[in-house]
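Presented below is the structure to which this report refers.
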Number of protein chains: 2
Amino acid sequence: MITIKDIAKLAGVSYSTVSKALNGDPRIKPATRQKVLAVAEKHQYRKNIMAQQLSTGRSNIIGFVLDELSNPLFSNISGNLHAELKKRGYQMILVVADDGVDIFSQLRVDGCILWDYALEDREAFWKKFATLNMPCFVLGTDEAPNSPYIKIDRKEGIYKAVQHLQSLGHSRIGFIGNSQNIKLEGYREALQRTGLGLEPHYVLPAHSSWEDGYFAIRNYTFGPESPTAFIGLNNLVTRGALRALLEAGYNVPKDISLIGYDDLPDMQYAEVALTTIGPPLEELAAQAAELIVSLIRGEQTEYPVVIQPQLNHRSSTAVSRK
Amino acid sequence: MITIKDIAKLAGVSYSTVSKALNGDPRIKPATRQKVLAVAEKHQYRKNIMAQQLSTGRSNIIGFVLDELSNPLFSNISGNLHAELKKRGYQMILVVADDGVDIFSQLRVDGCILWDYALEDREAFWKKFATLNMPCFVLGTDEAPNSPYIKIDRKEGIYKAVQHLQSLGHSRIGFIGNSQNIKLEGYREALQRTGLGLEPHYVLPAHSSWEDGYFAIRNYTFGPESPTAFIGLNNLVTRGALRALLEAGYNVPKDISLIGYDDLPDMQYAEVALTTIGPPLEELAAQAAELIVSLIRGEQTEYPVVIQPQLNHRSSTAVSRK
DNA sequence: CTGAAAGCGCTTACAG
DNA sequence: CTGAAAGCGCTTACAG
């Protein structure tokens, strides 16, 4: 690999001059800089970021950590975040899963953003997180022990969904998915706030995948007291549930209304374009980029930053039959 | 951040001893090592990989570059690759898009794998690639100028798909998607090899997204001479096409058979479980991990490594009506 | 306007 | 068995 010293020799200057020229130090005479730049260009010199970061502590790289890529939500957020960071002069590298905290405690990037992934052991996570001696925050968590974070107000989101269904005349509203406590709590609170009743069988068990949603409906026994509308835990669960409903012969939305959580492009391409509730994803990414950059700059930041989910009305919700 | 020197001071030894102890150098007395390890553990010492790589040239990190995350194919490959690399003692970091070559010419990871993404300018890519002074290769390309690569034999894959359809009695076989020359060529060659006819209108234009596939069918005028079977360019295009076919009132596979390219989990959850052709994704990842590790070790490697796509028979293909 | 020198946090021959 | 020293490729006060 060609280094700054090679360039120095070739350009006939000292290597500290090369460094300055390369970094646009105004003290270097334009002619000298031109020469250095020309030589560097000609030999395809590339700065060694590792060395730069060792020397200055800056790499202009931000790490993003998530636990899985299989949900389109994450690809979407990654893509948006990447674009937003680029605008601000940073490159983004992505790391999957629990390595995340580990790798970035060793690979000293300028800052890192962690998606609030499902954890068996939150305690352990926050402990590790605390040792991450760099600007960082958790994206999408509901709270964080004395550190900045971005909160998605999922409860309020679910409430909006319930409200929407109520306004359409639904009084028996079910929820598909029991793997995220916050959403479940949001659902329960929303029913209370709207004065709607909650029966135990309104909550169908489902974890997070398409199949989970599909089988949640398949395994559910419909009766006269069953919900006339459902809210799905996430995009995948919702689409699985939709498929099962259609296969069972229900018309969505005439027989049953359905709202999905997280507004991803594929929600509108479902068999029935899905009404969704979810955080505006571009805004989420922009806020995340903004926050991490502020933290890196050492600016005072107010936290949590709260993102409000929005209702996107499409074709899977309609006036209740009865 | 706590460094090796801090540990040295706390443990009462020199910092070179700390380094050796941490790296399991057998020359260090067990008692000394224990002490050092204990202090390091207590203070949550984390090695600075940047410094290590500068000194030794090794980071145990491998970069993976792709151009988009929006196709589930890439999440799948990333996930598998991550797992395979982990088995071999490496961490993986992911980078999106054209930055890829750039970032890794500056961030000196031990090696990098580049997905063969769609490029306007292949020339420029290979030129940049050549300056990437580290073990690296392109995954899924059809050829590479004097460098190792992994080829997916897409033409042979398409041939298998055509053969399968022919064996079901289809003689008019269409192709949805015109954005990947190799697949299109594979399609044409397959029709020749099987002695089937090709009409210009058998190829429906579509780029790569769900919508592309959907509108390809929507905009197509069916007639008595239309194909009785289609092969879709990729998973998204195929699913979009399937939706459009169903909406148009066709029964898949009774009226029209459909084969999709790339065997991803969601293909079987389509409205009709899709017969697919595609590379075995776990094998692909395993081979990729194996190759990059060999290259890093400087072992002699045979290339290209060729992956053969496989046909996965499900419910979207059936005997032709006529 | 340019250069010599110290330093970032490690590793590793080389002495002892 | 341990330590002092040089070096990896940069940057940056400090001299000149």
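Numbers restart at 1 for each chain; the letters A, B, ... are given by sequence-line order, proteins then strands. Model, not experiment: these values are computed from the prediction.
Checked against C:dC8, C:dG3, D:dA5, the side chain of B:Lys5 finds its nearest nucleotide in C:dC8. For A:Thr3, taking side-chain heavy atoms from C-beta onward, the closest of the listed nucleotides D:dG3, D:dC10, C:dT2 is D:dC10. Counting only heavy atoms from C-beta on, A:Ser16 has its side chain closest to C:dA4 among C:dA4, D:dA6, D:dG3.
Between A:Asp142 and A:Lys151, at least one side-chain N (NZ, or NE/NH1/NH2) sits under 4.0 Å from a carboxylate O, which counts as a salt bridge. Of the charged side-chain nitrogens involved, none lies within less than 4.0 Å of a carboxylate oxygen, so that B:Asp25 and B:Arg33 do not count as a salt-bridged pair. A salt bridge does not link B:Glu123 to B:Lys127: none of the charged side-chain nitrogens sits closer than 4.0 Å to a carboxylate oxygen.
Straight-line distance from the CD1 atom of A:Ile4 to the P atom of C:dG3: 13 Å, rounded to whole Å. In this structure, B:Lys9 atom NZ and D:dG3 atom C1' are separated by 15 Å, rounded to whole Å. Rounded to whole Å, atom C1' of D:dT12 lies 9 Å from atom CG of A:Asp25. Counting to the nearest Å, the P atom of C:dC10 and the CD1 atom of B:Ile7 are 9 Å from each other. Note: CD (B:Gln34) to C1' (D:dC1) measures 16 Å, nearest angstrom. Between the C1' atom of D:dT11 and the CE atom of B:Met50 lies a distance of 15 Å, rounded to the nearest Å. Taking atom CG of residue A:Asn48 and atom P of nucleotide D:dG7, one finds them 18 Å apart after rounding to whole Å.
In this structure, B:Lys47 reaches the sugar-phosphate backbone alone: every heavy-atom distance under 4.0 Å involves primed, P, OP1 or OP2 atoms, never a base. Using a 4.0 Å heavy-atom criterion, one finds that A:Arg33 contacts no nucleic acid atom at all. Counting non-hydrogen atoms under 4.0 angstrom, B:Arg58 reaches the backbone sugars and phosphates but no base. Using a 4.0 Å heavy-atom distance criterion, A:Thr56 is classed as a sugar-phosphate-only contact.
Base pairing annotation: C:dC14 forms a Watson-Crick or G-U wobble pair with D:dG3, both donor-acceptor distances under 3.5 Å.
A residue-by-residue look at B:Ile28 and B:Leu54 shows that B:Ile28 has its nearest nucleotide of DNA chain D further toward the 5' end.
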